[in-house]
Amino acid sequence: MYILEVVSGPLDGKTWSFDAEITIGRDDAVAAACIKLDRYVSRLHAQLREEGEGLVLMDLASRNGTKVGGQAVSAKTPIELGDRFQIGRTLLRVRRADSPEP
């Protein structure tokens, strides 16, 4: 199990837990991780998914894009636990549920 955590943004400190996949967006009808307060987040913005031994991040044709390390994500992008990524103006990271908060 993983924890998706807001590191910086309107929902600073907010977390969502997920097993193998989570969608991120501004509409709670389609996104498990709903970031309503960031107007730069699309209705259905991005997806994090377990693939093989790691995680991949995908932008879902959002209006403002998804960034990892300041670089726009255009396809499946592998990310490591703890890597920070940006959705709209919100900065997030993923960690294992059983690991202590850094």
Side-chain angles (χ1 to χ4, degrees):
M1 180 170 287
Y2 300 97
I3 302 289
L4 175 63
E5 175 183 18
V6 176
V7 176
S8 175
L11 296 176
D12 194 14
K14 172 79 174 146
T15 61
W16 298 269
S17 58
F18 67 101
D19 288 319
E21 180 177 298
I22 191 166
T23 52
I24 307 162
R26 205 169 65 187
D27 183 346
D28 59 6
V30 294
C34 183
I35 306 173
K36 284 187 180 191
L37 298 176
D38 185 340
R39 64 187 181 123
Y40 294 94
V41 173
S42 295
R43 180 176 173 270
L44 187 58
H45 197 108
Q47 181 181 62
L48 263 172
R49 181 171 50 206
E50 199 173 46
E51 200 166 278
E53 296 295 313
L55 291 168
V56 293
L57 176 65
M58 294 167 286
D59 185 81
L60 300 175
S62 67
R63 171 174 254 167
N64 293 304
T66 301
K67 295 179 181 177
V68 176
Q71 299 297 315
V73 170
S74 59
K76 287 182 184 178
T77 301
I79 63 166
E80 299 290 326
L81 293 173
D83 284 355
R84 294 173 181 220
F85 58 95
Q86 187 173 343
I87 305 278
R89 293 204 172 157
T90 301
L91 192 62
L92 302 117
R93 71 175 166 207
V94 181
R95 60 182 170 85
R96 287 218 179 267
D98 57 1
S99 68
E101 292 185 45

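Hydrogens, waters and symmetry mates play no part in the numbers below; they use all other heavy atoms, side chains included. Nothing fancy with the numbering, it's 1 onward along the sequence.
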To the closest 0.5 Å, what do you measure between CD1 (Ile87) and NZ (Lys67)?
11.5 Å
Cluster companions of Leu44 among Ile, Leu, Val, Met, Phe, Trp, Tyr (side-chain spacing under 4.5 Å)
Val30, Leu60
Hey, any chance Leu11 and Leu92 share a hydrophobic cluster, counting ILVMFWY side chains that come within less than 4.5 Å of each other, even indirectly?
yes
Check this for me: does any side-chain nitrogen of one of Asp83 and Arg93 sit under 4.0 Å from a carboxylate oxygen of the other?
no
Same apolar cluster (I L V M F W Y, side chains within < 4.5 Å links), Tyr2/Val56
no
Would you kindly confirm whether Met58 and Phe18 end up in one hydrophobic cluster when ILVMFWY residues are joined by side chain heavy atoms under 4.5 Å apart?
no
In short, Pro10 meets Thr90 closest at the heavy-atom pair CD-OG1, 3.6 Å
Could you tell me which residues satisfy side-chain hydrogen bond (donor to acceptor under 3.5 Å, both in side chains) with Arg89, sequence neighbours excluded, listed by chain and number?
Tyr40
Atom pair CD1/OG of Ile24 and Ser42 - distance to nearest 0.5 Å:
12.0 Å
Just jot down the side-chain hydrogen bond (donor to acceptor under 3.5 Å, both in side chains) partners of Lys76, sequence neighbours excluded, or say none.
Glu51
Given side chains that start at C-beta, do those of Thr66 and Gln86 come closer than 4.5 Å, heavy atoms only?
no
d(Leu48 CG, Leu57 CG) to nearest 0.5 Å is 5.0 Å
Which residue pairs pass the ring-ring contact (aromatic ring centres under 6.0 Å, His included) test with at least one member in residues 45-98, sequence neighbours excluded?
none
Check step by step if side chain to side chain contact (heavy atoms under 4.5 Å, CB included) holds for Leu81 and Arg96.
CA-CA 7 Å; Leu81 293 173; Arg96 287 218 179 267; 3.5 Å; yes
Calculate, to the nearest 0.5 Å, the distance between atoms CZ and SG belonging to Arg26 and Cys34 respectively.
9.0 Å
Ignoring hydrogens and angles, tell me if any N or O in the side chain of Ser74 forms a donor-acceptor pair with the backbone of Ala72 under 3.5 Å.
no
Looking at Gln71 and Val73, would you say the former's side chain and the latter's main chain have a donor-acceptor pair under 3.5 Å?
no
Here the pair of heavy atoms bringing Ser62 nearest to Gly65 is OG-N, 2.9 Å
Looking only at heavy atoms, what is the nearest atom pair of Ala97 and Ile3, with distance?
CA-CG1, 3.7 Å
Through direct or indirect side-chain contacts below 4.5 angstrom among Ile, Leu, Val, Met, Phe, Trp and Tyr, which residues connect to Leu91?
Val7
If you measure from CG on Leu4 to CZ on Arg95, what distance do you get to the nearest 0.5 Å?
10.0 Å
Which residue pairs pass the side chain to side chain donor-acceptor pair (under 3.5 Å) test when at least one of the two sits in residues 11-23, sequence neighbours left out?
Glu21-Gln47
